[in-house]
Amino acid sequence: MVREWDPRTASSAEIASLLDTLNAVLAADLPQDPPWREGSLREYLAEVMPGERRISWVAQQESADDGTPGAILGQVHVLLLGNIGVLEVLVHPAVRRNGLGRDLVLRAARRVYQEGFESIGVEVVGDTPAVGFYESLGFSQEYVETRSVLDLSSVDWSELGSMSTEVVAGYQVQFHPGGPPDELMEAYARSKAEIRDIEDGELRPSSYDPQRLRDSLDCLHRRGMTPYIVLALHERTGEVAGLTEVVVPAQHPTRADQYDTIVVQDHRGHGIDRAIKARMLLELRSAEPQLTEVQTWNAQANEVMLKVNAELGYRTDRDWCEYSVDVADLVHRLDATR
């Protein structure tokens, strides 16, 4: 049985069942990744940015004779933003290859089409069954990043401390748990705008104006995700010359997610990139003692940041790909094969 589903009103048993399926998928496809936890999972699934909408469906077994709800064995949700619907599909490994994934995609695609959106995008992890699945549905690869993971038990903390101070005079490196102070929000947003056309993936739009940045930080907190910011402030102008962001999710608190790292063009070549990332790791060691890993994603052409990450001890893991398809073509193709 496939039905539309709202995480805000779902029962605790449904949330727990969905978590079981998510962790079964991780164990099969990404066995080195930590399992997710139930903490703030409902909020993670429900909360969105202003102007965005998320619509979800679940595939659930029929209830037992005693009325016990059946397990959730599949889920799809689509995030509607701009002119694209961003898709995410989970199918329990035990029920794969029986058409459930296609049915879930069709449910979401029909809604996206009815709402007047032009395309559907999806993140696909390299070397998993999802690659062949989406390519068989007509999705085309648009963008590739490389994920790298840092094992914090392997870090030379003394060397890292030295790296954190290797920035030329005239810059002040600051740590801001929770987000930048409001008086720096405009300068912070300006520095993020610099990568609008060169490093930003369409499926994860960044925040380029102060209010959207405030909204983004608020959304992270509501989803149970704690942001940490390190920035390099240019002392003469007061401008944010560089920044790095890490988020620690309640859903997998032992592995943090690296978000943007940016050094503004006019301030490159002064050691800011490595210094701010090293400072971040030092701060996280105290602020989040349960952390064991940090994961980051970089465009394959971004040789500078890949080099910095390697110097900090990150090890490349696998490709992370963005695929897209024209939504009308997808709906017609799936309907024709039913």
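Along the sequence shown, residues carry numbers from 1. Everything numeric in this text was worked out from a predicted model, so none of it was measured.
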*Asks:* Do you know which two heavy atoms are closest between H234 and G170, and how far apart they sit?
*Replies:* CD2-O, 3.7 Å
*Asks:* Between Y171 and L243, is there a shared hydrophobic cluster once you connect ILVMFWY residues whose side-chain heavy atoms come closer than 4.5 Å?
*Replies:* no
*Asks:* Applying the side-chain contact (heavy atoms from CB on, under 4.5 Å) criterion to T292, which one of D151, L152, L150, T254 satisfies it?
*Replies:*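 Of all the options given, the one that passes is T254.
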*Asks:* Within the structure provided, determine whether D335 and L106 are in side-chain contact (heavy-atom separation under 4.5 Å).
*Replies:* yes
*Asks:* Evaluate side chain to side chain donor-acceptor pair (under 3.5 Å) for D257 paired with Q295, printing each intermediate quantity in order.
*Replies:* CA-CA 5 Å; D257 298 327; Q295 59 185 0; 2.6 Å; yes
*Asks:* Checking side chain to side chain contact (heavy atoms under 4.5 Å, CB included) for the pair T226/V247: CA distance, chi angles, key distance, verdict?
*Replies:* CA-CA 5 Å; T226 304; V247 171; 6.0 Å; no
*Asks:* Verify side chain to side chain contact (heavy atoms under 4.5 Å, CB included) between Q251 and M225, making sure each step is shown before the conclusion.
*Replies:* CA-CA 8 Å; Q251 300 80 22; M225 306 167 78; 4.1 Å; yes
*Asks:* Kindly determine whether E311 and K307 satisfy salt bridge (Lys or Arg N to Asp or Glu O under 4.0 Å), including the steps that lead there.
*Replies:* CA-CA 6 Å; E311 291 169 350; K307 180 176 183 293; 2.5 Å; yes
*Asks:* Are V327 and E118 side-chain neighbours, meaning at least one heavy-atom pair lies under 4.5 Å?
*Replies:*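 Sidechains of E118 and V327: no contact.
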*Asks:* Is any side-chain N of the basic residue among D29 and R96 closer than 4.0 Å to the acidic one's carboxylate O?
*Replies:*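 A salt bridge is present here (some side-chain N lies under 4.0 Å from a carboxylate O).
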*Asks:* So that I can tick it off, tell me whether R268 and D273 are bridged by a salt bridge, with the cut-off set at under 4.0 angstrom between side-chain N and carboxylate O.
*Replies:* no
*Asks:* Rounded to the nearest 0.5 Å, what separation is found between the CG atom of L217 and the CE atom of M185?
*Replies:* 5.5 Å
*Asks:* Any idea how Y134 and F139 line up, ring-wise: parallel (<30°), tilted (30 to 60°), or perpendicular (>60°)?
*Replies:* perpendicular
*Asks:* So, E239 and R190, do they make that salt bridge, N to O below 4.0 Å?
*Replies:* yes
*Asks:* Say you draw a straight line from NE2 of H77 to CG of L104; how long is it, rounded to the nearest 0.5 Å?
*Replies:* 12.0 Å
*Asks:* Per the side-chain contact (heavy atoms from CB on, under 4.5 Å) rule, which among I55, I84, V331, V78 passes with V112?
*Replies:*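 Of the listed residues I55, I84, V331, V78, the side-chain contact (heavy atoms from CB on, under 4.5 Å) partner of V112 is V78.
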*Asks:* Could you grab the distance from atom CG of L233 to atom NE2 of H267, nearest 0.5 Å is fine?
*Replies:* 9.5 Å
*Asks:* So, taking the atom named CG in D6 and the one named OG in S56, what distance separates them when rounded to the nearest 0.5 Å?
*Replies:* 7.5 Å
*Asks:* For the pair E142 (side chain) and Y323 (backbone), establish whether a donor and an acceptor sit closer than 3.5 Å, ignoring hydrogens and angles.
*Replies:*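 No: the side chain of E142 does not pair with the backbone of Y323.
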*Asks:* Once rounded to the nearest 0.5 Å, what's the spacing between atom CD1 of I262 and atom CD1 of I276?
*Replies:*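 Here the interatomic distance stands at 9.0 Å.
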*Asks:* State which residues pass salt bridge (Lys or Arg N to Asp or Glu O under 4.0 Å) with E183; sequence neighbours excluded, sorted by chain then number.
*Replies:* none
*Asks:* Checking E293 against Y314 for the side chain to side chain donor-acceptor pair (under 3.5 Å) test, could you report, in this order, the C-alpha distance in whole Å, the side-chain angles of both residues, the deciding distance, and whether it holds?
*Replies:* CA-CA 10 Å; E293 297 171 308; Y314 284 85; over 6 Å; no
*Asks:* Would you check if E88 and V76 make a side-chain contact, meaning some heavy-atom pair closer than 4.5 Å?
*Replies:* no
*Asks:* Which atom pair, heavy atoms only, marks the closest approach of G126 to R318?
*Replies:* O-NH1, 2.9 Å
*Asks:* Go through R102 and T337 one step at a time and tell me if the side chain to side chain donor-acceptor pair (under 3.5 Å) criterion holds.
*Replies:* CA-CA 10 Å; R102 293 173 68 90; T337 60; 3.0 Å; yes
*Asks:* With sequence neighbours left out, write down each residue that passes side-chain hydrogen bond (donor to acceptor under 3.5 Å, both in side chains) with R53, or none if nothing qualifies.
*Replies:* E115
*Asks:* Can you list every pair that meets salt bridge (charged side-chain N to carboxylate O under 4.0 Å, His left out) and has a residue in residues 33-46, with sequence neighbours left out?
*Replies:*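 Sorted pair list: D33-R147, D33-R255.
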*Asks:* N302 side chain to A299 main-chain N or O, any donor-acceptor pair under 3.5 Å?
*Replies:* no
*Asks:* Quick one: salt bridge (Lys or Arg N to Asp or Glu O under 4.0 Å) partners of R3, sequence neighbours excluded?
*Replies:* E14
*Asks:* Between E322 and V124, is there a donor-acceptor pair closer than 3.5 Å when you use the side chain of the first and the backbone of the second?
*Replies:*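 Side chain of E322 to backbone of V124: no pair is present.
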*Asks:* Tell me whether H270 contacts the main-chain N or O of I272 through its side chain, where contact means a donor paired with an acceptor under 3.5 Å.
*Replies:*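 No, the answer is negative, given that no donor and acceptor are paired below the 3.5 Å cut-off.
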*Asks:* Check whether the side chains of D319 and Q300 place a donor and an acceptor atom closer than 3.5 Å, and report yes or no.
*Replies:* yes
*Asks:* Below 4.0 angstrom, N of the basic side chain to O of the carboxylate: do R212 and E186 qualify?
*Replies:*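 Salt bridge between R212 and E186, a charged N being under 4.0 Å from a carboxylate O: no.
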*Asks:* One thing to verify: whether E283 and R279 come together as a salt bridge, which I'm taking to mean a side-chain N less than 4.0 angstrom from a carboxylate O.
*Replies:* yes
*Asks:* For L45, does its backbone N or O pair with a side-chain atom of R54 as donor and acceptor, under 3.5 Å?
*Replies:* yes
*Asks:* Might you confirm whether atom CD of Q290 has over 12 heavy atoms from other residues, nucleotides or ligands at distances under 6.0 Å?
*Replies:* yes
*Asks:* Report the residue from H176, E288, E245 that forms a side-chain hydrogen bond (donor to acceptor under 3.5 Å, both in side chains) with Y228.
*Replies:*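 Exactly one option meets the side-chain hydrogen bond (donor to acceptor under 3.5 Å, both in side chains) with Y228, and it is E288.
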*Asks:* Determine whether a donor-acceptor pair (N or O, by modelled atom type, separation under 3.5 Å) exists between the side chain of T21 and the backbone of L18.
*Replies:* no
*Asks:* Are E135 and F133 side-chain neighbours, meaning at least one heavy-atom pair lies under 4.5 Å?
*Replies:*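 E135 vs F133: side chains apart.
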*Asks:* If you round to the nearest 0.5 Å, how far is OG1 of T296 from CG of L306?
*Replies:*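 It comes to 9.0 Å.
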*Asks:* Name all pairs fulfilling the ring-ring contact (aromatic ring centres under 6.0 Å, His included) condition that reach into residues 11-54, sequence neighbours left out, sorted by first residue then second.
*Replies:* W36-Y44, W36-H252
*Asks:* Between R333 and D329, does any side-chain N to carboxylate O distance fall below 4.0 Å?
*Replies:*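 Answer for the salt bridge query: no.
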*Asks:* Is the count of non-hydrogen atoms from other residues, nucleotides or ligands lying under 6.0 Å from F175 atom CZ greater than 12?
*Replies:* yes
*Asks:* What about the rings of W5 and W57, do their centers lie closer together than 6.0 Å?
*Replies:* no
*Asks:* Under the side chain to side chain contact (heavy atoms under 4.5 Å, CB included) criterion, do V173 and L231 qualify, and how do the steps go?
*Replies:* CA-CA 6 Å; V173 178; L231 57 83; over 6 Å; no
*Asks:* Using atom types as modelled and distance alone, determine if a side-chain donor or acceptor of D326 lies under 3.5 Å from a backbone N or O of A328.
*Replies:* yes
*Asks:* Hey, are the side chains of T316 and N309 touching, using non-hydrogen atoms and a 4.5 Å cut-off?
*Replies:*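 When only atoms from C-beta onward are counted, N309 and T316 do not touch, as no gap falls below 4.5 Å.
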*Asks:* So that I can tick it off, tell me whether D218 and R214 are bridged by a salt bridge, with the cut-off set at under 4.0 angstrom between side-chain N and carboxylate O.
*Replies:*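 No, no charged N to carboxylate O under 4.0 Å.
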*Asks:* Quick check: is V308 connected to V168 through a chain of hydrophobic side chains (ILVMFWY, heavy atoms under 4.5 Å apart)?
*Replies:*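 Linked, V168 and V308 end up in one cluster.
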*Asks:* With distance as the sole test, does T244 use its side chain to make a donor-acceptor pair with the main-chain N or O of V230 at under 3.5 Å?
*Replies:* no
*Asks:* For the pair L30 and V125, evaluate side chain to side chain contact (heavy atoms under 4.5 Å, CB included) and give the outcome as yes or no after the intermediate values.
*Replies:* CA-CA 9 Å; L30 294 167; V125 183; 3.8 Å; yes
*Asks:* What pairs with D156 under side-chain contact (heavy atoms from CB on, under 4.5 Å), at least two apart in sequence or on another chain?
*Replies:*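 Listed in chain order: S158, E159.
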